[in-house]
Structures are given as C-alpha cells and as structure tokens.
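Okay, so here's the structure we're looking at.
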Amino acid sequence: MAKDVCEGLEIKYFNLAFFSNSFHDINCKKELLSYLYKNSAENGRLLIIEFKPSDSWLFGPPPHIRIKPEDLVKMATEVGFKLDRMIERDSQYIAIFKKEK
C-alpha cells in the first residue's frame with residue numbers, strides 16, 4: 001500500500017534520493033527536504049528532475065504547479081544542500097544537490 005511522504009518517512013540513512021517529475025506534487029516540500037538532508041549520508045545526494053516552467057501545456061503537469069529551477073535551488077539550499085549541477089534539457093531540468101558539510 002502506498003504511503004503519503006508527508007505523513008512521515010522511515011528512512012534513516014541513504015546515499016541518494018531521486019525524484020523524477022513528481023516533486024511538484026508534494027505538499028510538504030520544505031519539510032521533506034529538511035528530513036532528507038538530516039537523514040542522508042555524509043556524501044548524500046539529491047537528484048530532482050522537473051518540467052521547466054512554461055505557458056505551454058502539451059505534456060507534463062499544468063504550468064501553475066511547475067517549480068522554477070531557482071525556487072527549487074532556494075528550497076534545497078535553505079535546508080543545507082548545495083547545488084552541484086543543473087542540467088537543462090528541452091522541456092525539463094535536472095538539479096543535482098550534495099550534502100553540505
């Protein structure tokens with residue numbers, strides 16, 4: 001049975017957290033990022049793929065719920081992650097963060 005990530009996680013230690021075109025649907029983004037930072041390994045990584053903000057809605061989530069890359073970076077760095085790399089694709093971006101010591 002699926003569990004809502006905002007109802008709590010039982011992961012206490014990990015090296016990589018990966019979200020592909022789903023982070024925009026999470027209601028507790030900041031709380032989840034904080035939890036992931038606190039429970040990741042010393043060299044923990046966070047990889048998030050999201051659709052670029054756009055007025056076009058040919059595919060992907062509606063434009064009004066898409067996350068701007070700069071907003072995602074702000075959320076992740078506020079809890080301690082450091083942006084390692086941002087990769088731009090045609091309709092998506094890939095943000096790779098690492099745990100800041």
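Here, residue 1 is the first one in the sequence, and each next residue gets the next number. Note that these values count all heavy atoms, side chains included, but never hydrogens, waters or copies made by symmetry.
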**OP:** Might you point out which heavy atoms bring P61 and H24 nearest each other, and give the distance in Å?
**Re:** CB-NE2, 3.5 Å
**OP:** Kindly say whether Y35 contributes a backbone atom to a donor-acceptor pair with the side chain of K38 at under 3.5 angstrom?
**Re:** no
**OP:** May I ask whether L72 and I26 are part of the same hydrophobic cluster, defined by side-chain heavy atoms of I, L, V, M, F, W, Y residues being less than 4.5 angstrom apart, directly or through others?
**Re:** yes
Subject >> Atom pair SG/CD of C28 and E7 - distance to nearest 0.5 Å >> reply: 9.5 Å
Subject >> Step-by-step side-chain contact (heavy atoms from CB on, under 4.5 Å) determination, F23 to L32 >> reply: CA-CA 10 Å; F23 196 74; L32 177 59; 4.2 Å; yes
Subject >> F14 side, atom CZ; L36 side, atom CG - distance, nearest 0.5 Å >> reply: 4.5 Å
**OP:** Check ring pair (Phe, Tyr, Trp, His ring centres under 6.0 Å) between F51 and all other residues, then give those that pass, not counting sequence neighbours.
**Re:** F59
**OP:** Please round to the nearest 0.5 Å and tell me the distance separating atom OG1 of T77 and atom CG of L83.
**Re:** 8.5 Å
**OP:** Drop me the distance from S20's OG to E50's CD, to the nearest 0.5 angstrom.
**Re:** 8.5 Å
**OP:** Quick one: closest heavy-atom pair of V79 and Y37, and the distance?
**Re:** O-CD2, 3.3 Å
**OP:** Return yes if a side-chain donor-acceptor contact under 3.5 Å exists between N21 and Q92, otherwise no.
**Re:** yes
**OP:** Hey, could you give me each pair passing salt bridge (charged side-chain N to carboxylate O under 4.0 Å, His left out) that has a residue in residues 84-97? Not counting sequence neighbours.
**Re:** R45-D84, K52-E88
**OP:** Quick one: closest heavy-atom pair of A41 and K99, and the distance?
**Re:** O-CD, 3.2 Å
Subject >> Geometric cation-pi criterion K98 and F81, 6.0 Å radius, 45° cone >> reply: no
**OP:** Search all heavy atoms of I67 against all heavy atoms of Y93 and return the closest pair with its distance.
**Re:** O-OH, 2.7 Å
Original post:
Any chain of hydrophobic side-chain contacts (each under 4.5 Å) joining I48 to I96?
Top reply: no
Subject >> Partner residues of F97 under the ring pair (Phe, Tyr, Trp, His ring centres under 6.0 Å) criterion, sequence neighbours left out >> reply: none
**OP:** Given salt bridge (charged side-chain N to carboxylate O under 4.0 Å, His left out), test E78 with K74 step by step and report yes or no.
**Re:** CA-CA 6 Å; E78 283 178 350; K74 183 178 185 222; 3.6 Å; yes
**OP:** Would you kindly confirm whether L47 and M86 end up in one hydrophobic cluster when ILVMFWY residues are joined by side chain heavy atoms under 4.5 Å apart?
**Re:** no
